[in-house]
Amino acid sequence: TAMGVWVSLGISGGHINPATELIKVTLALATWRGFPWKKVPAYIFAQLMGGIVGAALVYANYFHAIDIFEGGRGIRTLQTASLFSTYAMDYMTPVSCFFSEFLATAVLIILVLATIDAKNSPPPTGLFPVTLFLLILGIGAALGMETAYALNPARDLGPRILTSMVGYGKAVYTFR
């Protein structure tokens with residue numbers, strides 16, 4: 001996360017997927033912080049494509065290991081789909097999943113907006129990525145167990161699209 005933000009900070013303001021520039025944060029910034037609405041569709045598309053490409057790179061790297069784990073070439077089950085997307089614990093209901101993601105995302109958005117607010121003593125120049133890293137680490141440690149804290153539709157949907165294209169099928173679109 002921090003490395004991605006450092007790489008893209010000067011070009012897009014750190015709008016990356018899946019890190020600071022979550023679809024939800026894009027919409028929040030456009031609604032409350034003056035981010036241009038005309039840029040929102042392109043940023044959301046880029047974030048979704050980033051999720052797909054990122055998942056494709058991970059899949060290409062682990063293709064043979066997945067074959068061995070799954071028991072043969074081309075066999076794909078949900079046992080390895082969680083390498084790419086987030087899946088809820090068995091005890092979670094759909095309402096519990098929504099609330100868990102809502103709470104984690106609310107914490108993320110509030111703290112990102114507070115961190116970039118000049119009136120709130122922002123981090124020194126160039127250290128926002130470290131602040132973001134600590135924030136996401138804290139959210140993951142405190143709120144991530146139940147749903148694996150996607151925090152971002154593009155971070156979860158992009159890899160699901162990729163996994164459905166490489167043989168996992170429709171099962172990847174379930175919340176489990």
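Note that these values count all heavy atoms, side chains included, but never hydrogens, waters or copies made by symmetry.
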> Val58 and Phe69: same hydrophobic cluster, using ILVMFWY side-chain contacts below 4.5 Å?
Replying inline: no
> Which heavy atom of Thr86 sits nearest a heavy atom of Ala148, and at what distance?
Replying inline: CG2-O, 3.4 Å
>> Is there a side-chain contact between Tyr149 and Ile136 in this structure, where contact means two heavy atoms from C-beta onward sitting under 4.5 Å apart?
In response: yes
> Nearest 0.5 Å, what's the CG-CZ distance between Leu135 and Phe128?
Replying inline: 8.0 Å
> Do the side chains of Met49 and Leu157 join up, straight or via other hydrophobic residues, at under 4.5 Å, putting them in one cluster?
Replying inline: yes
> What closest approach, in Å, do Leu151 and Ala104 show between heavy atoms, and which atom pair accounts for it?
Replying inline: CD2-CB, 3.5 Å
> Can you name the closest pair of heavy atoms from Ser164 and Tyr173 and give their distance?
Replying inline: OG-OH, 2.9 Å
> Just how far is it from atom CG of Leu103 to atom OG1 of Thr147, taken to the nearest 0.5 Å?
Replying inline: 10.0 Å
>> Please determine whether side chain to side chain donor-acceptor pair (under 3.5 Å) holds for the pair Glu146 and Ser96, giving the CA-CA distance in whole Å, both sets of side-chain angles, and the decisive distance to 0.1 Å.
In response: CA-CA 9 Å; Glu146 297 176 326; Ser96 298; over 6 Å; no
>> How close do Ser85 and Tyr87 get, counting heavy atoms only, and between which atoms?
In response: O-CD1, 3.6 Å
>> Which residues pass the ring pair (Phe, Tyr, Trp, His ring centres under 6.0 Å) test with Phe63, not counting sequence neighbours?
In response: Tyr59
> Applying side chain to side chain donor-acceptor pair (under 3.5 Å), which residue pairs with at least one partner in residues 112-136 are found, sequence neighbours left out?
Replying inline: none
>> Counting C-beta onward and ignoring hydrogens, is there a side-chain heavy-atom pair between Val172 and Arg76 closer than 4.5 Å?
In response: no
> Can you get from Val53 to Phe45 by hopping between Ile, Leu, Val, Met, Phe, Trp and Tyr side chains that sit under 4.5 Å apart?
Replying inline: no
>> Which Ile, Leu, Val, Met, Phe, Trp or Tyr residues join Val95 in one cluster when any pair of side-chain heavy atoms under 4.5 Å counts as a link?
In response: none
>> Do Tyr168 and Leu162 have side chains that approach each other closer than 4.5 Å (heavy atoms only, starting at C-beta)?
In response: no
> Knowing that exactly one of Val166, Leu83, Thr77, Asn61 qualifies, which makes a side-chain contact (heavy atoms from CB on, under 4.5 Å) with Ile66?
Replying inline: Leu83
> Can you tell me how far the CZ atom of Arg160 sits from the CZ atom of Arg155, to the nearest 0.5 Å?
Replying inline: 9.0 Å
> Should Leu127 and Leu137 be counted in the same cluster of Ile, Leu, Val, Met, Phe, Trp and Tyr side chains packed under 4.5 Å apart?
Replying inline: yes
> Same cluster or not: are Leu143 and Phe99 linked, directly or through other Ile, Leu, Val, Met, Phe, Trp or Tyr residues, by side-chain heavy atoms under 4.5 angstrom apart?
Replying inline: yes
> Just how far is it from atom CG of Leu132 to atom CG of Leu111, taken to the nearest 0.5 Å?
Replying inline: 10.5 Å
> Taking atom SG of Cys97 and atom CE of Met89, what is their separation to the nearest 0.5 Å?
Replying inline: 11.0 Å
> Say you draw a straight line from CD of Glu101 to CG of Leu108; how long is it, rounded to the nearest 0.5 Å?
Replying inline: 11.0 Å
> Would you find a donor on one side and an acceptor on the other, under 3.5 Å apart, between the side chain of Thr174 and the backbone of Ala171?
Replying inline: yes
